[in-house]
Amino acid sequence: MKILTFFSLFSTFLSANSINVEENAGQFFSSGHTNNWAVLVCTSRFWFNYRHVANTLSVYRSVKRLGIPDSHIVLMLADDMACNHRNPKPATVFSHKNMELNVYGDDVEVDYRGYEVTVENFLRVLTGRLPPSTPRSKRLLSDDRSNILIYLTGHGGNGFLKFQDSEEISNVELADAFEQMWQKRRYNELLFIIDTCQGASMYERFYSPNLMALASSQVGEDSLSHQPDLAIGVHLMDRYTFYLLEFLEDIHPASKANMKDLFKVCPKSQCVSTPGHRTDLFLRDPGSALITDFFGSVRKVEITMETINLTDLIKEAEQNPMNEKPQKVTYSYVDQLPVSEIIHQKPKQKDWHPPDGFILGLWTLILLVFFKTYGIKHLKHIF
Amino acid sequence: MKSLLIGQMSLKRKGVSHTRPEDLTKSRRRGQLAALSIAAVVIMVGVPLWWRTTETYRAWLPVSQINELANMQLQLSADVEVVFARGTVTPEQQKKVPLTQTQDEEHTVDGDLIFKAVCDPMVTKYEDCKLIHADLSLHTLSESPCGSLVVYVIPESSSLLPEDMDVYIGQRRTALLRIGAQMRVGRTVEQLLAHLEPRIKQVLQVMSFSHTDITAALSDRVRLSPGNKESIADSMRAFKSSPGYEITFSLLNPDPKSHRLHWDIEGAVQTYIQPLLTKLAPVANFSLDSQTLYYAMLGVNPRFDSSSSAYTLNSDSLAHVINPVEARLGSNAASSNPVLNFLLYVPDAHHSPLYIHDNKKQEVPSNAFHSPRWGGIMVYNVNGFYRPEAVLPVDININMAKVMGVFLAQLRLLLGVQSSTAPPGFLMAPCGSTGLADWELDRLMWSRSVENVATATTTITSLAQLLDQIGNIVINDNIAEQVSSAVTSLQLAVAELEAGNLGFALQYSKEAIMASERAFFDPSLLHLLYFPDDQKFAIYIPLFLPMCVPILLSLLKIVSEARQKRREKQAKKD
C-alpha cells in the first residue's frame, strides 16, 4: 500500500516536473521576444511639476531593477528638478514623503534633457528617423523581436498631451507613429502607459496590432497627485504611478504575475479617477502576458551543444625590429571656428509667405483713405 | 476728373444732389468693371498663388513599379551537376540520358508570395572517376560557382562511403550519392532517373535551400504561424540580416587577486575567427573588438554540489546571468549595427570549478550557453592549472583554441548558419578550419538574399503607402532617388535569383536594402504636425474674410442691379 502511494506520489511529482519543463519551454515560445526596450518620457518642466519627474524616475528605477540595462532605456526628462534653486536637497528627487527614497541617485542616465524633449524628438525616436550623427544611446534600436514599454506623464487633455508648455502631441500623431513602427516591424509587442489628466483619450486612436494601453484616468476626469511633502513644498508623485510602483515593488525578475494584475492597480477608491486599459489590439490573451515581458528583461538562453575542434596553432605575430624608429606623425588642429566664413556668408534664403493680417489691414486702410479722398461715390459700387 | 469733383462739391454746397443720368451709368459701369476685375484677379491669380505656396513639395515616386513589386513572385534556381561515375551507367544508357532536365517545385507561403525552386541537373557523360579518397580532389575536377552543386553518383559496390551511409556531403559544393541496390539489374534510363530524382532533391534540401528555410527568411512579410517550435526558435535565434555586425570578445575576471589571466586574443582572432569572417565577407561587414573586465560578477550565486565537489549553475538561473553583466559591457557609440557579445568568464578562486548543468542535471561538455540575438558566455575553469598552495596571483595562459572552438560554434548559430540535424543515412564532412563549409555559405546566402529582398520590398511598399496616406509629408528629391534605386536593385536581384547567380543576387539585394532603409529612415520624412480642421479654419478666416467680403458684396450688387434692369426692361416692354 505504502509503495503504491509512494509510486503515485512519485509519478505525480514526475509529471508535475515534466509539465514544469514543458511550461518553461512553452514560455520560451509564447512571448516571442528576445529583448526589451523602454522609452520613458516626462513632458513637463518647472518646479511645480516635480511630481512628473519623480513619476518617470521611479518607473526608470523599477525597470532597471528588473533587468533592462541603460543601453536599452531612452529616458527623456527636462531634468531641472535635482539642481533647481528651489530644491532644498540638491541633487535629489524624492518619491516618498519624509524623503525616504531618492530616485535620482548616482547612476541615472538621461538621454534627452532640457529643451531636447520635444514632440519632434519623441516622434523621431519612435520612428527611428534620427540624423546620422545621433549617438547610440539616443536611439531606439529595437527590432521585430523587441518588447517596448512606453511611459508618458505630464499634463494632458482630451486628445492631446502638452510638451514642455510650448507644444502638444495629439492622439492621431501618436497612433500614426505607432503604425509607422509596426510597418517597419520595430516592435514585437508594445505596452503604453500614460499618467495624465484624461489619459484614456490618448489611446483611443490606436490601430496597429500588438498594442496594449493603460491610462490613469478616463476622458473628462483629472488624474490627481498623491501627497505633498511639506519640506520640499510640492507634490511628490501622482496617485496612479504611486500605486503602480507599489505593485512593481513586489515583482522580481522571476515573478509570474501577469497583465491582469496590472489592470487592477489603483482602483477608483485609491485613485479617485478611473484607470482604463485597452487590449483589443493585443493578439495574445493579456492573462498570458507576464509583467516581466515588458518591465523586465528576462533573456532566453540555450545551452551550446556543439563545439568546433580547432587544431591550428596561433601564428606568432611578426615582431617589429626594436631599432626601427617610430615614424613621426605631425598632427594639427582643425580650424575651430571659421569666423571669416560666418561673418561674410550670405543670409539664408527664406521661403515666401503670403502676407499676414497686419499687411492686409494696412492695405485696407490705404484703400479706404484713397476712396475718402477721391470720392465716396467710388465706394458706392462696393458697398 | 477735376471738373467732376468740383461739380460734386458744388452740388453738395447747394444741398441738391442731382447728377446727370449719363454720369451715373458711366460711374456705375466703372464701378462694376472695377469690382469684376478685382474678383477676376483674386480668383485667377490669388487662389493659385496661395495654393502653390502652401502645398508641400512631393517628388515623383515610381508608384506603379512599387505596386508591382508587392505582388511579385520569387523564383530561385540552383544549378546541379550530376556526374555518373564508372560502373553506374552502362555505355548504351549514357546515350539515352537527357542532357538537361528542369525540375520545378512551386511553394505557396500563406497564399501571398510564391517561390519556385528550379533545379537544372545537367547530366554529363560519365567521367573516369578514379577512386579518390578525399573529396577535395573531387573538387578540383570541377570548380563550381557560388550557388551550384555537383553530385557524384557512385556505384553500389564502391567503398568510398561506410556501409550504412548513402550520401556524403563534402566541405566544398560536392556530394557523393551511392546508387541504390535495386538499380543493378535490367534497369532503364527512366527507372534510373526516377530513382535518383527524389534522392537528389533530398540532397538539395540539405545543401541548398528548403521550404522551411525560405519561409523563415520570408518571415518579415509573412508572420510564421506557431507551428514548428524548432523553426520559431531558429528564426528567433539568428540575427536579422544587417549590412554590418560588431563582435566583441570580453574576458571577465572577477578575481584579479588570485588569477592574472593572459589571453592572446589578437592571435586567436587572426587564426580562428578571421578566416570565417573573410569567407562571410559577401554577406556582411564585421568589426571586432575585445576587452577585459575586472571585478565583474555573475548575477547569480552558484550552488555547491557536493557529489561532484564543484559549483553548478543550473539552466533556470542562466537567464538572469546576462543582465547585470550587460550593464558593464560597452558598445561602439558610432554605429547602429547589431552587437554580438562573447564573454569568457573565469570563476573566482572561491567558486572554482564552476560547471553548467542542463535541465537533466547533466554537465554540459562545452560549459557554455548562448542567448538568441545577443551572444554567448563560456565558463573557463582554471583551478586545474595551479596547486592550491601556489603564490597568488598566478599567471594563467588561456587555451585559446578550446575557447575559440566554442565561440566559433556559437557564432555560427547566431549568424544563422543552421546546424540542422542531418537526415538518416547522410554523412557530413566536418567543417574545415574556417568553420564554414562552402555549401553552408551558399545556404546562408540564399536565405539572406531572400530575406533582404523581402525586407526591402516591405519597406518600399510601406513607405509608398505611408506617403500616400499622410498628405503633408515633404518628399525631397534625394528620397525619390533612393526609392528609385532601391526599386531598380530589387528588380535586378529578383532577376539574378531567377538566373541562379547567387553572388550577384546577394549583392543587389544588399544594395536594395541599404537604399530602402536610407529612404525610409531619412530624417526629413517627419510629417508636419497634424492640424485638425477647425484649427485650419481658425487660421485662414481672419486672413481671407476681410478681403473676400467686399468682393462678394460688390458681385452681389452687380447681380441685383442686373436683375433690376431686366425687370425694368420687362416692365417697359409690357
Side-chain angles (χ1 to χ4, degrees), chain A residues 21 28-29 32 34-35 67 69-71 119-120 123-124 128-131 135-137 139 141 143-145 170 172-173 176 180 183-185 253-254 297-312 314-317 352-354 356-357 360 364 375 377-378 380-383, chain B residues 27-28 31-32 34-35 50 53 220 229 232 236 240 264 267-268 271-272 315 318-320 322-323 326-327 331 333 336 358-359 364 366 368-374 376 400-401 404-406 408-410 419 433 435 459 462 466 470 520-523 525-526 530 542-543 546-547 550 553-554:
Chain A
V21 169
F28 184 110
F29 301 110
T34 59
N35 52 31
D70 270 317
S71 52
V119 172
E120 185 186 333
L123 289 177
R124 282 192 190 282
R129 298 209 169 98
L130 290 158
R136 211 184 168 102
S137 57
R139 288 180 188 258
L141 294 169
D143 53 26
D144 64 322
R145 294 273 175 204
S170 66
V172 175
E173 282 173 329
D176 281 340
Q180 292 189 49
Q183 288 287 329
K184 204 63 191 70
R185 297 289 184 271
S297 173
V298 181
R299 301 267 183 191
K300 316 274 192 300
V301 291
E302 288 175 346
I303 309 278
T304 308
M305 286 304 179
E306 324 174 333
T307 59
I308 298 179
N309 202 4
L310 294 168
T311 46
D312 294 339
I314 299 180
K315 300 185 198 67
E316 288 289 327
W352 183 85
H353 295 287
D356 59 350
L360 284 175
T364 319
K377 62 177 186 174
H378 298 285
K380 256 204 322 243
H381 299 290
I382 300 179
F383 288 110
Chain B
S27 58
R28 196 183 286 155
Q32 283 176 357
W50 166 71
T53 48
D220 203 33
K229 280 188 180 170
I232 297 182
M236 273 171 57
K240 289 213 78 84
D264 183 14
T271 319
Y272 302 124
S315 53
L318 289 175
H320 306 289
I322 297 179
N323 282 328
E326 187 171 8
S331 61
S336 331
D358 58 12
N359 3 12
V364 173
S366 62
F369 63 98
H370 57 272
S371 178
R373 298 210 183 168
W374 184 79
M400 293 310 289
M404 283 301 167
V406 172
L408 206 57
Q410 287 177 338
S419 58
S433 56
T459 310
S462 62
L466 190 78
I470 303 182
F520 194 92
F521 287 119
D522 191 273
L525 277 183
L526 198 67
Y530 169 80
L543 287 177
M547 185 180 70
L553 284 178
S554 60

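This structure is a prediction, so every number in the text was calculated from the model and none was measured. Throughout, protein chains are lettered first and strands after them, A, B, ... in sequence-line order, and every chain is numbered starting at 1.
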**Report entry** Part of A/L130 lying under 4.5 Å from any heavy atom of chain B
**Finding:** backbone
Report task. Please state whether the side chain, the backbone, both or neither of A/D143 comes within less than 4.5 Å of a heavy atom of chain B. Result ->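 Looking at A/D143, just its side chain touches chain B.
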Query - Check: B/S371 side chain, A/K300 main-chain N or O, donor-acceptor pair, under 3.5 Å - result: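 Yes, the answer is positive, given that a donor and an acceptor are paired below the 3.5 Å cut-off.
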Query - A/R124 side-chain N/O to B/P523 backbone N/O, donor-acceptor pair under 3.5 Å - result: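 It does hold such a pair.
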Query raised in the report: Is the cationic atom of A/R129 (NZ for Lys, CZ for Arg) positioned less than 6.0 Å from the six-membered ring centroid of B/F520 and within 45 degrees of its normal?
Result: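 Yes, A/R129 and B/F520 form such a contact.
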With a 4.5 angstrom heavy-atom cut-off, which part of [X] approaches chain A: side chain, backbone, both or neither?
X	value
B/L466	side chain
B/V406	both
B/L318	both

**Report entry** Qualifying residues under side chain to side chain contact (heavy atoms under 4.5 Å, CB included), relative to B/A409, sequence neighbours excluded
**Finding:** A/I308
Requested in this report: Between chain A and each of B/F369, B/F521, B/W374, count heavy-atom pairs under 4.5 Å; write down the option with the most.
Outcome: B/F521
Query raised in the report: Which residues satisfy the side chain to side chain donor-acceptor pair (under 3.5 Å) test with A/T304, sequence neighbours excluded?
Result: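 Scan of A/T304 (side chain to side chain donor-acceptor pair (under 3.5 Å), adjacent residues dropped) gives B/H370, B/Q410.
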